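Below, each value reflects all heavy atoms present in this structure, side chains not excepted, and no hydrogens, waters or symmetry copies. Letters A, B, ... are given to chains in the order of the sequence lines, protein chains preceding strands, and every chain is numbered from 1. Bear in mind that the values here come from a model prediction, so they are computed numbers and not experimental data.
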2 protein chains.
Amino acid sequence: MRPTVHDIAAAAGVSLATVDRVLNLRPGVRSATREKVEQAIERIGYIRDVAAANLAKSRVYPFTFILPSGDNSFMRGLETEIRAAMRRSAVERTAISLVTVPPFDVEALERALDDARATRPAGLAVVAVDSPIVAAAVGRLHRDGIPAITLVSDLSVSTRDHFAGIDNSAAGRTAGSLMGRFLGTRPGPVVVLAGSMLVRDHRDRLAGFRAVLEADFPGRTILPVLEGHDDPAEAERLVTGAFVGHPDIAGIYSLGAGNRGLIAALKMRRTEAPVCVIAHELTAHTRSALKDGLIDAVLNQDAGHEVRSAIRVLKAKADGQAVLSAQERIRIDIFLKDNLPFDDAAPAPEGDDI
Amino acid sequence: MRPTVHDIAAAAGVSLATVDRVLNLRPGVRSATREKVEQAIERIGYIRDVAAANLAKSRVYPFTFILPSGDNSFMRGLETEIRAAMRRSAVERTAISLVTVPPFDVEALERALDDARATRPAGLAVVAVDSPIVAAAVGRLHRDGIPAITLVSDLSVSTRDHFAGIDNSAAGRTAGSLMGRFLGTRPGPVVVLAGSMLVRDHRDRLAGFRAVLEADFPGRTILPVLEGHDDPAEAERLVTGAFVGHPDIAGIYSLGAGNRGLIAALKMRRTEAPVCVIAHELTAHTRSALKDGLIDAVLNQDAGHEVRSAIRVLKAKADGQAVLSAQERIRIDIFLKDNLPFDDAAPAPEGDDI
DNA sequence: CTGTTAGCGCATTCAA
DNA sequence: TTGAATGCGCTAACAG
């Protein structure tokens with residue numbers, strides 16, 4: 001059997017309570033005693049049984065998740081995953097609050113962060129808009145000792161404890177590399193459809209995409225970036241306009257949301273010349289466009305993994321534990337029509353094991 | 001607070017022991033009593049606290065992992081991950097035994113399975129060679145009530161409880177699709193380098209690759225498959241021979257191991273004509289070849305994820321619990337030189353958080 | 001400053 | 001066939 005608190009107590013010649021004080025860094029122990037106990041811990045190779053500790057504490061973790069409202073499919077998928085986690089709350093000892101704020105609205109986000117802080121959760125996860133105001137609100141959480149992590153989109157400079165999301169520069173580079181290779185020698189410029197330069201993930205993707213095209217595929221022109229604010233209607237208008245202005249477009253990289261509009265524009269297009277399209281996030285829309293050959297590749301981040309990872313990391317931070325970094329790395333999934341996972345065009349039945 | 005066994009006992013008007021007997025399907029309860037308790041459980045919505053149960057039982061999970069010996073980089077990486085899991089044993093309440101057997105050796109694998117069974121582990125994971133003999137040995141585990149899962153390579157027909165690995169057909173299709181698109185209009189045949197048709201993952205990849213090339217890229221010839229038995233020297237010889245016999249080769253799909261040999265052959269080649277190379281498994285060798293442009297894409301399965309997933313699933317099976325299927329789906333990672341994760345050319349320092 | 005004691009939710013003797 | 005009592009490893013009152 002591995003050593004327990006009793007063994008420490010015996011080895012150090014003190015009581016359980018004192019051992020507990022040392023283990024949990026509680027005050028009220030003479031430094032000589034503390035040292036004695038610490039040496040005993042070291043000597044017998046004690047490892048705390050977290051499950052037993054949580055049992056004794058009847059620990060529950062109140063967490064708050066903040067994400068953008070609106071009909072962005074990816075964000076709604078993220079919300080679905082959070083709700084799935086809420087259903088697991090009893091088993092996982094969590095109590096999750098879900099808050100939504102208008103997209104790209106810095107002040108609303110700041111208010112939401114401050115309101116959440118007032119409830120003193122054990123941790124908070126937020127899809128960040130990259131602004132000093134938001135960073136300051138996150139800083140206040142940090143000041144109050146509340147672990148805060150960014151989800152999907154990070155802050156450039158902040159005191160957040162962790163980022164649960166993909167490497168967006170790498171995603172942009174990957175898109176660039178695929179675009180360049182898929183196009184081969186086919187002539188024509190490429191156009192980038194972004195959501196907003198206010199969010200860091202979009203900026204990073206753009207930079208990565210640009211860098212690879214310029215370095216590895218010189219001669220391929222990139223048209224001025226279209227900013228569609230993740231809005232399908234606006235995206236459709238912008239893309240349709242681009243086709244009119246540049247009938248020779250060879251490729252489109254959609255690095256934000258609003259892909260419904262992009263797909264509509266692609267369907268409306270009355271030309272035979274093929275366009276290579278790379279988009280982000282596997283949703284019902286991009287999935288069917290991929291199958292139909294309207295989209296060539298989709299880069300995806302697994303919202304379920306992100307939510308589960310966020311919860312694991314928040315728990316670890318709340319307990320001052322280390323995280324398994326390899327387990328928490330969110331992958332950039334690349335989907336072609338050939339490796340689409342199980343079909344969830346039909347929504348999963350209620351209460352299943354997702 | 002969520003209901004506990006005490007609440008059940010009170011609601012049913014019986015003692016804790018009786019509740020426990022019903023909960024754990026133990027004998028010695030009158031069916032009338034049993035029914036009373038079951039109704040109480042249903043009525044108050046009881047959910048068992050697995051952590052508390054494990055604490056009371058001082059539960060440890062003895063698991064056995066069986067994998068091929070030899071210098072196959074991927075398998076050694078898998079072993080590294082298993083050893084990392086062994087180091088986490090104290091925390092995760094596991095006791096993992098690691099057994100290696102010569103690759104592609106059906107009889108040795110059968111013996112290892114039977115030997116492992118004799119130790120009566122709580123679960124077993126095996127990198128399977130696809131043979132009825134192996135399937136029968138797995139069947140004996142099943143008969144004895146020992147959960148058994150296949151790892152990396154599955155059995156075609158068996159009573160294994162789970163497969164922890166990628167969808168190899170999809171992987172092959174993906175390779176085919178990438179190959180076809182990367183090559184574009186470049187002429188020339190493609191060659192497939194496999195390990196052995198005795199393992200199911202290799203067969204599945206080949207079938208998927210073939211299917212896509214034939215359907216979506218007709219006119220692209222596939223040369224007869226080279227079988228290198230995952231041996232670098234043999235692979236090098238075969239690939240070099242192919243280059244001599246077919247100087248116009250446009251692409252190579254290496255769907256097994258032995259990539260060191262492939263890379264050596266590529267380096268030796270004295271032609272300027274580009275060859276599109278797609279391989280499996282990110283190792284030190286394929287990583288550097290990817291960086292150098294010798295390999296265009298690497299399809300990878302995350303060995304760490306597979307091992308962690310195997311352990312989670314085995315625990316769940318041992319406890320008769322459900323698994324989060326979304327969490328256990330092993331992804332097909334696609335790496336280009338542009339989205340390589342952290343560099344582990346230098347082995348990670350001992351005892352780090354991997 | 002330190003120790004005693006009683007749980008947390010569940011499993012498992014041992015009696016009845 | 002049923003129940004009372006004890007303990008898993010740890011925390012948290014409450015005394016001393």
Side-chain angles (χ1 to χ4, degrees), chain A residues 1-38 40-41 44-61 89-93 95 122 315 318-321, chain B residues 1-38 40-41 44-61 89-93 95 122 315 318-321:
Chain A
M1 291 309 282
R2 66 192 233 217
T4 74
V5 281
H6 290 92
D7 301 317
I8 304 176
V14 298
S15 75
L16 280 189
T18 301
V19 172
D20 181 67
R21 290 188 185 99
V22 174
L23 278 176
N24 294 297
L25 308 173
R26 270 186 271 271
V29 184
R30 247 190 327 176
S31 60
T33 316
R34 181 176 297 279
E35 199 136 313
K36 218 169 38 172
V37 174
E38 274 163 355
I41 292 175
I44 67 180
Y46 170 80
I47 304 173
R48 161 207 243 102
D49 184 329
V50 192
N54 283 341
L55 173 61
K57 279 191 287 204
S58 305
R59 184 88 154 100
V60 293
Y61 300 85
S89 277
V91 171
E92 299 185 349
R93 310 190 93 82
K315 278 187 175 178
D319 293 339
Q321 295 258 317
Chain B
M1 288 311 282
R2 65 191 236 217
T4 73
V5 281
H6 289 92
D7 300 317
I8 304 177
V14 298
S15 76
L16 283 187
T18 301
V19 172
D20 182 69
R21 290 186 186 102
V22 174
L23 279 176
N24 294 298
L25 308 174
R26 268 187 272 272
V29 184
R30 250 190 324 180
S31 59
T33 316
R34 181 176 296 280
E35 199 137 313
K36 217 169 40 173
V37 174
E38 274 163 354
I41 291 175
I44 66 181
Y46 170 80
I47 305 174
R48 164 207 239 100
D49 184 329
V50 190
N54 283 342
L55 173 61
K57 279 191 287 203
S58 305
R59 184 88 153 101
V60 293
Y61 300 85
S89 277
V91 171
E92 300 184 350
R93 309 189 93 85
K315 276 187 175 178
D319 293 339
Q321 295 258 316

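Between the CZ atom in A:Arg21 and the CG atom in A:Leu23 there is a gap of 12.0 Å [rounded to 0.5 Å].
Applying the side-chain contact (heavy atoms from CB on, under 4.5 Å) test to A:Asp49 and every residue at least two apart in sequence or in another chain returns A:Arg2, A:Ala51, A:Ala52, B:Leu55, B:Arg93.
Regarding contacts with the backbone of D:dT2, every side-chain N or O of B:Thr18 stays at 4.0 angstrom or more from both OP1 and OP2.
Within 3.5 Å, a donor on the side chain of A:Arg21 pairs with an acceptor on the base of C:dG3, or the reverse.
The closest side-chain heavy-atom distance from A:Val22 to A:Val19 is not below 4.5 Å.
Atom CG in B:Asn54 sits roughly 11 Å away from atom C1' in C:dA11 (whole-Å rounding). For B:Leu55 and D:dC10, the CG to C1' distance is 8 Å, given to the nearest whole Å. The CZ atom of A:Arg48 sits 5 Å away from the P atom of D:dT11 (whole-angstrom rounding). In this entry the distance linking NE2 of A:His6 with P of D:dC10 reads 9 Å, nearest Å. If you take CG of B:Asp49 and P of C:dC8, they are 12 Å apart, rounded to a whole angstrom. Rounded to an integer number of Å, the gap from A:Tyr46 OH to D:dG9 C1' is 7 Å. Put simply, CG on A:Asp319 is 13 Å from C1' on D:dT11, counting in whole angstrom units. One atom, CZ of B:Arg59, and another, P of C:dC10, lie 16 Å apart when rounded to the nearest Å.
Looking only at distances, a side-chain donor or acceptor of A:Asn24 sits under 3.5 Å from a matching main-chain atom of A:Asp20. Looking at A:Lys36, its side chain never comes within 3.5 Å of a backbone N or O of A:Val14 through a donor-acceptor pair.
Taking a 4.0 Å limit (strictly below) on heavy-atom distances, residues 22-37 of chain A reaches DNA chain D at A:Asn24, A:Arg26.
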Go through the steps for B:Arg59 and B:Asp319 under the test side chain to side chain contact (heavy atoms under 4.5 Å, CB included), then give the verdict.
CA-CA 11 Å; B:Arg59 184 88 153 101; B:Asp319 293 339; 3.2 Å; yes
Set out, in order, the CA-CA distance, both residues' side-chain angles and the distance that settles side chain to side chain contact (heavy atoms under 4.5 Å, CB included) for B:Val91 and A:Val50, then state yes or no.
CA-CA 8 Å; B:Val91 171; A:Val50 192; 5.5 Å; no
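At the heavy-atom level, B:Asp20 lies under 4.0 Å from base atoms of the strands shown. At the heavy-atom level, A:Ala17 lies under 4.0 Å from base atoms of the strands shown. Using a 4.0 Å heavy-atom cutoff across all strands shown, A:Val19 reaches no nucleic acid atom at all.
Nearest nucleotide to the side chain of A:Lys57, out of D:dT11, C:dC10, C:dC8: D:dT11.
The residue among B:Ser15 and B:Arg93 whose nearest nucleotide of DNA chain D lies closer to the 5′ end is B:Ser15.
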